[in-house]
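Read the structure below first, then the notes.
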Amino acid sequence: MLLSMQYGCLKSFGDKGTSDVVLRLRNSEGRPEWFYSHSSVLVSKSRFFADQLSNPGSGSCIEIHCSDSTYDHHVNLLRLLYLPTDSLLDSLDSVQSALAVLRLAIAFRCEDVTNCCIQYLEAVPWEDKEEEQIVKEVSELGPVAMPILARIQPVDLSATKNVFISAVRFATSIGGSCPPFGDELKTSAQEQVEFMLGGDEDTPLVTADDEVKSVVKSGLSQVCSLFENELSSFLLVPDITAEIAETRILQCLSDVEWMCNILPKMDLMKDFVCSWGGMSRKILEIVEDKKLDNAMWVLKVKLIEVTGKVLEAVGYGNVILPAPCRVQLLKTWLPYIRKIKPLLDAKADEDTDFPYKMDEDLCQSIEGAIVLLVLALPSNDQADILTDWMKTEQLKYPDLSEAFEVWCYRTKSAKRRLMEGLDRVGNTTISL
C-alpha cells in the first residue's frame, strides 16, 4: 500500500497520458466534465473509490453527481488526493474551504484529507458567523469531526470555578492592578464575570461554593476600602491634581456600583448593604464638605444611584435587617437625598445642558423604597421620621404623604384594638 501511495503521488492530476481512470463530475444541470485520474492514487487515498474500482463491472469511468455550489470543492478534493500527506495542511487557506472539503472527505472516506481538515479547523481562529456554521455542520458529520469543537465544549465545574475566582480577583484588584493596561483588563474581567453570572445551570453551583463566596466578599471589602480611602484623601489633594484624584474616585465608585449589581445574583446583597451602611456616614461627611459645595456633581448623583439600590433591596424585603439598622439607613441618607434633589433641579434649570440630575425613574424608585422602609418600622420610629419630614421645607421630595396616611390609620386602629382589648379584660373581670 505504501509503495502504491508513493507511486501514485508522483502522478499528476489530469494527466491524460498516464491516466487509467476517468472521473466524470455531473452538476445539477446534468452538464458533465471529465477529469483524468489514476486508480493507484484513488484506491490508496479513498475507500469510496477503492470500493468502486474493485467492482468488476465498474469499468474505467466513475460518475459523481454534485451541485453547482459544491462543484469546486469536489475538484479541490480530487486535487488534494494527489498531494503528499505532509503537504495537505499548507494547501488549506480558509475555514469555509476546509469545512466544505471535510464534508466531502468524510463522504468519500478519504482518511488523510479528513484528518488534515480536522487539524486545520481545530487550530485556526473562527469568526462568530463561522463558528455558528461549524457547530451546525460538525454536529451533522458525526464523531469523527467532533475534535473540532473541543474549544467550545463545556468545562467541568472545578475549571469553571477556578476561572470565575481568577476573574473576580482581577475585577476587584485583589493583589493590585496590572499596569499599563490594568484598568482596561479589569473592566473586561468585570464584564466577563457578569456574563458568567447569567442564567446557566452551573451558575448556582459555582456561586454557592464557599471559596467563591469568600473571594467575592474579599473583593467587596477591597473595592469599598479603595473607594473610601480615595474619597478620604480628596480633601487633602492640591487643586492642581484634583482632576486626577476625581477620576480615581469615580473609577473606585464604579467598581463599588459593579459589586452592587452582581452581588444580588449571588445572594450576597446583604453583604453589600452592610458595607455601604458602614461607610455611609464617612462618605457623607466628605461629600458635604464646603470644598465640594459646587463640585463633583457626578459623584453626588452616583452616590444616590447606589444608595437607591440599597434602599430598594431593604425596602422590598430582599435584604432583611433589624429595625435599628433600617432606621439608621434612613436617617443617614434621607436628609442628603432631600437636600441634593432641589440643588440638582436648580442647576438643571440654570443650565439646560447640565447632565447630572436624578431622572424620573430613579426618583420614583427611591421614593417608593423609602415609603416601604418607613412603613415597615416600629410606629414610634415612623413617627420620628414623619415628624422630621413635616418640619422640613422640602416636603415635595421624597413625598411621604402615603406613609403618613397609613401611619395615621394604623395609629387609630391600634388605639381601637387596645380599647377593645381593655373592654374584654374588664368584662371578664366583672363576670368572675
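For this chain, numbers begin at 1 and follow the sequence in order.
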May I ask you to test the W126-I148 pair for a side-chain heavy-atom distance under 4.5 Å?
yes
Just wondering, more than 12 heavy atoms not from R281 lying within 6.0 Å of its CZ?
no
Donor-acceptor pair, K300 side chain versus L292 backbone, under 3.5 Å?
yes
Y356 atom OH, over 12 foreign heavy atoms within 6.0 Å:
no
Does E140 pair with R103 as a salt bridge, N-O distance under 4.0 Å?
no
May I ask you to check whether over 12 heavy atoms, not counting those of D359, lie within 6.0 Å of atom CG?
yes
Would you say K291 has more than 12 foreign heavy atoms packed within less than 6.0 Å of its NZ?
yes
Under-4.0 Å salt bridge between D345 and K341:
yes
Under a 3.5 Å distance rule, please check whether S94 uses its side chain to pair with a backbone N or O of S97 as donor and acceptor.
yes
Lys/Arg N to Asp/Glu carboxylate O, D271 vs K213, below 4.0 Å:
no
What's the verdict on side chain to side chain donor-acceptor pair (under 3.5 Å) for D255 and Q251, showing C-alpha distance, side-chain angles and the deciding distance?
CA-CA 6 Å; D255 294 341; Q251 179 58 61; 3.2 Å; yes
Going by heavy atoms in the side chains, are I337 and Y397 under 4.5 Å from each other?
yes
Please state whether the rings of Y71 and F35 are parallel, tilted or perpendicular, taking 30° and 60° as the class boundaries.
tilted
Is a salt bridge present between R326 and D381, judged by a nitrogen-to-oxygen distance below 4.0 Å?
no
Exercise: do N261 and K309 side chains pair donor with acceptor under 3.5 Å
yes
To the nearest 0.5 Å, tell me how far I118 CD1 sits from M146 CE.
10.5 Å
Of L92, L89, L88, the one forming a side-chain contact (heavy atoms from CB on, under 4.5 Å) with C117 is L92
Are any non-hydrogen side-chain atoms of I283 and E228 less than 4.5 angstrom apart?
no
Between Q382 (side chain) and L377 (backbone), is there a donor-acceptor pair under 3.5 Å?
yes
Salt bridge check, K302 against E305: does any charged N sit closer than 4.0 Å to a carboxylate O?
yes
Tell me if the CD atom of E402 is crowded by more than 12 foreign heavy atoms within 6.0 Å.
no
Which is it for D388 and R338 under the side-chain contact (heavy atoms from CB on, under 4.5 Å) test, yes or no, and what are the steps along the way?
CA-CA 11 Å; D388 180 65; R338 193 163 52 207; 2.9 Å; yes
Does any non-hydrogen side-chain atom of S37 lie less than 4.5 Å from one of L78?
no
Whether W276 and F272 hold their rings parallel, tilted or perpendicular, with breakpoints at 30° and 60°:
parallel
Has E111 got more than 12 heavy atoms of other residues, nucleotides or ligands less than 6.0 Å from its CD?
no
To the nearest 0.5 Å, atom CE of M259 lies from atom CE of M266 at 8.0 Å
Could you check whether atom CZ of F108 has more than 12 heavy atoms from other residues, nucleotides or ligands sitting under 6.0 Å from it?
yes
Do other residues, nucleotides or ligands put more than 12 heavy atoms under 6.0 Å from the CZ atom of R24?
yes
Has R109 got a side-chain atom pairing as donor or acceptor with A50's backbone, closer than 3.5 angstrom?
no
